[in-house]
Each structure stands twice: as C-alpha cells, then as structure tokens.
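Working notes, beginning with the structure itself.
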Amino acid sequence: MPRKRRRVSNLDDEEHKSSISENLSTDSLLLTQDGKGDSSPISIYFVDEKMKTFRLGSDFFNQPCISLAKSFLGQILARKLPDGKELRGRIVETEAYLGGEDDASHSTRGKQTGRNVAMFMPAGTMYVYQIYGMYFCLNVSSQGEGAAVLLRSLEPLQSLDTMRHLRNLRRKENGKALKDWELCNGPSKLCQALDINKSFDRRDLARDEEVWLERGTEVLGDQDIIAAARIGINYAGEWAKKPLRFYIKGAKCVSIVDKTAERNTT
DNA sequence: AGAGGGATCTTCT
DNA sequence: GAAGATCCCTCTC
C-alpha cells in the first residue's frame with residue numbers, strides 16, 4: 001500500500017519583521033538563580049555577533065534540572081528556518097526528568113542508549129526523540145547525570161501563519177482551523193510548529209544557528225508558577241505523582257491545567 | 001467536557 | 001514483539 005505523504009510546499013511569505021531581540025534592554029543582564037538570593041548572580045547573556053541577537057548561553061542551562069525547568073518559563077524559543085524566516089514562542093510549560101532515580105526518565109537507573117545519549121551530554125544539549133512513531137519531543141539537558149527538561153508548550157509570538165502551515169501538514173483538510181493558542185500547546189505540537197525534528201538531537205541550544213533561546217521580558221516569581229504531576233507517565237509508580245511539571249499560572253497555552261494543584265498552591 | 005480508538009514506527013527486551 | 005514523556009477525530013453526555 002502506497003504511503004501517503006503530503007509534500008512540504010513553500011511556506012507562507014507574509015513577513016513578520018518585528019524583532020523581539022531589538023526590544024531587549026541590557027539592564028537585566030544579571031539574574032539570581034531561583035530568585036531566592038542564595039547564590040551569587042551569574043552572567044547569562046552573550047551577544048552573538050554572527051546572529052545579531054541576544055541569546056541565553058551555556059551558564060543558563062548549567063543549573064539543576066528542577067531549577068532549569070522553572071527558569072525556562074517565560075523565556076523565548078526562537079527558530080530560524082532555511083528560508084530565513086524567524087519563528088518565536090514564549091515557553092509556558094516544562095517538565096523536569098531527573099535522571100537515574102527518576103522512574104519516568106528515559107535515563108532511569110543511569111540507562112544510556114543510542115537514543116538518549118544527549119541526556120548525558122553537557123547542559124544545553126538538545127535531546128529530540130520520536131514518540132508513537134510519528135511525533136517528536138524536544139528536551140534540553142541540564143546539570144545532573146542524565147537529567148533533562150522537556151519543553152511542553154509555547155505561547156506563539158511571531159510568524160504564526162508559518163506555524164499554522166507547518167501544523168496543518170499532517171491534519172485533515174476538512175479539520176477545523178487551529179486557533180492561535182492551539183499552535184504550540186503540547187510537546188509534539190511545538191516541534192511541528194517550529195519544524196524541530198530528529199536532526200536537532202545532540203545539538204547545542206547555546207550555539208546552534210537554527211534554534212536558540214532569548215530572555216523573556218517578564219520576570220516571573222514563584223507565585224506565578226504552578227507545580228503539577230507530569231503527563232503521560234502513569235507507568236512510573238510513585239514518580240508519576242511528583243510535582244515535576246511546571247507552568248505559568250493563567251497562561252493560555254498550557255496543554256493541561258491541573259486545578260487541584262492550583263488550589264493547593266495558593 | 002470527556003472517552004475511546006486509530007495512526008505509525010523507533011527503540012529496546 | 002510490545003510499548004510509548006502524543007495528537008486528532010468521532011462519538012456521547
């Protein structure tokens with residue numbers, strides 16, 4: 001039986017030239033980890049002359065897994081397509097996968113395989129794996145052996161028309177049009193919308209030319225973050241219940257809202 | 001709003 | 001050979 005495969009046609013040409021990087025000020029070049037003031041400020045920015053944009057560097061990624069999972073919230077994931085078009089989205093939901101002790105992690109019990117080696121590579125390395133035979137998920141390795149953060153949802157900011165086009169490639173023609181908030185509200189949806197696939201596995205998010213992270217404009221505090229159980233890991237026993245999923249309270253594009261967790265957070 | 005099933009194939013046992 | 005860090009469509013309440 002011939003396999004159906006829709007052709008990836010030329011992307012929409014509408015321009016969205018507004019550049020977020022141009023609006024970034026330099027007065028917040030320092031941050032304190034966890035906002036608790038218990039560690040000295042670290043420099044996390046550098047200006048990539050080649051790309052003419054601010055981006056978060058290796059120091060940002062080199063922090064403990066849970067800390068990094070929270071720190072991702074509010075930051076901006078940027079993607080440059082081969083045709084030069086830039087897509088951006090604000091990260092609103094992540095999950096921490098701690099490594100050896102974590103039964104839900106691909107790296108549980110220190111298990112290292114061909115698939116998950118990126119989890120053991122230096123902090124900031126992207127781990128992209130295919131799931132259910134047809135989707136991709138994007139993780140970023142953190143401090144800690146085999147630990148990584150799954151990026152689950154973005155609030156689309158730039159080039160939404162292109163994101164919608166990329167998302168529609170695998171959908172029925174008769175299907176309902178995707179709302180803006182549905183473009184990236186799931187781990188594999190964001191990979192579709194930003195055209196992130198297996199070729200990004202093991203690449204460095206701090207230095208890659210096609211995808212990078214920028215400092216968001218809003219400063220978040222602990223009161224803005226909900227901690228809830230992770231999704232789709234019910235097989236993991238006790239670890240399935242641990243509050244290792246983090247999302248921005250009230251954010252529109254969170255994939256699954258946990259009302260119980262929100263009640264217990266106030 | 002929620003339940004259920006199909007799609008689809010790599011990875012590891 | 002089976003499961004899976006998912007998504008989408010359809011059916012029902």
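Naming: A, B, ... by sequence-line order, numbering from 1 per chain. Just the heavy atoms: all of them, side chains too, but no hydrogens, waters or symmetry mates, feed the values below. In this text, all values refer to a predicted model and were calculated from it rather than measured experimentally.
- Rounded to whole Å, atom C1' of dT13(B) lies 12 Å from atom CZ of Arg109(A).
- Side chain of Arg164(A) to main chain of Leu183(A): no donor-acceptor pair is present (N/O by atom type, distance under 3.5 Å, no hydrogens or angles).
- At a threshold of 4.0 angstrom between heavy atoms, the contacts of Ile131(A) are confined to the sugar-phosphate backbone, with no base atom among them.
- Nucleotides of DNA chain B nearest to Thr113(A) and Lys259(A) differ in position, and the one nearer the 5' end is that of Lys259(A).
- Residue side chain Tyr132(A) fails the stacking definition with respect to dA7(B), as its ring centre and the base's six-membered ring centre are not both under 5.5 angstrom apart and under 30 degrees in plane angle.
- What separates CZ of Phe136(A) from P of dT11(B) is a distance of 10 Å, to the nearest Å.
- With a cut-off of 3.5 Å on both Watson-Crick or G-U wobble distances, the partner of dA1(B) is given as dT12(C).
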Nucleic acid footprint by protein, nucleotides 7-13 of chain C - heavy-atom cut-off 4.0 Å, B for base, S for sugar-phosphate alone: BSSS---
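- When both pairing distances are held under 3.5 Å, dA5(C) makes no Watson-Crick or G-U pair with any nucleotide shown.
- Straight-line distance from the CG atom of Asn139(A) to the P atom of dA5(C): 11 Å, rounded to whole Å.
- Atom pair Tyr235(A):OH and dG4(C):P shows a separation of 7 Å (rounding to whole Å applied).
- Note: CG (Leu138(A)) to P (dT6(C)) measures 14 Å, nearest angstrom.
- Using cut-offs of 30° and 60° for the angle between ring planes, the Phe61(A) and Phe72(A) rings count as tilted.
- Atom pair Asp103(A):CG and dA5(C):C1' shows a separation of 14 Å (rounding to whole Å applied).
- Asp195(A) has no carboxylate O lying under 4.0 Å from a charged side-chain N of Lys85(A), or vice versa, which leaves the two without a salt bridge.
- Within 4.0 Å (heavy atoms only), Arg230(A) reaches no atom of the nucleic acid at all.
- The OG1 atom of Thr94(A) lies 8.0 Å from the CG atom of Leu150(A); values are rounded to the nearest 0.5 Å.
- Here the side chain of Glu93(A) pairs a donor or acceptor atom with the backbone of Ser255(A) at under 3.5 angstrom.
- Surrounding CD of Gln223(A) are more than 12 heavy atoms belonging to other residues, nucleotides or ligands, all under 6.0 Å away.
- Nucleic acid contact for Gln130(A): sugar-phosphate only, since backbone atoms but no base atoms lie under 4.0 Å from a heavy atom of the residue.
- Rounded to whole angstrom, the span from the NZ atom of Lys198(A) across to the P atom of dA5(C) amounts to 13 Å.
- Between the CG atom of Asn234(A) and the C1' atom of dA3(C) there is a distance of 14 Å, given to the nearest Å.
- Connection of Leu81(A) to Leu190(A) is established within a shared hydrophobic cluster, with ILVMFWY side chains joined at heavy-atom distances below 4.5 Å, either directly or through further cluster members.
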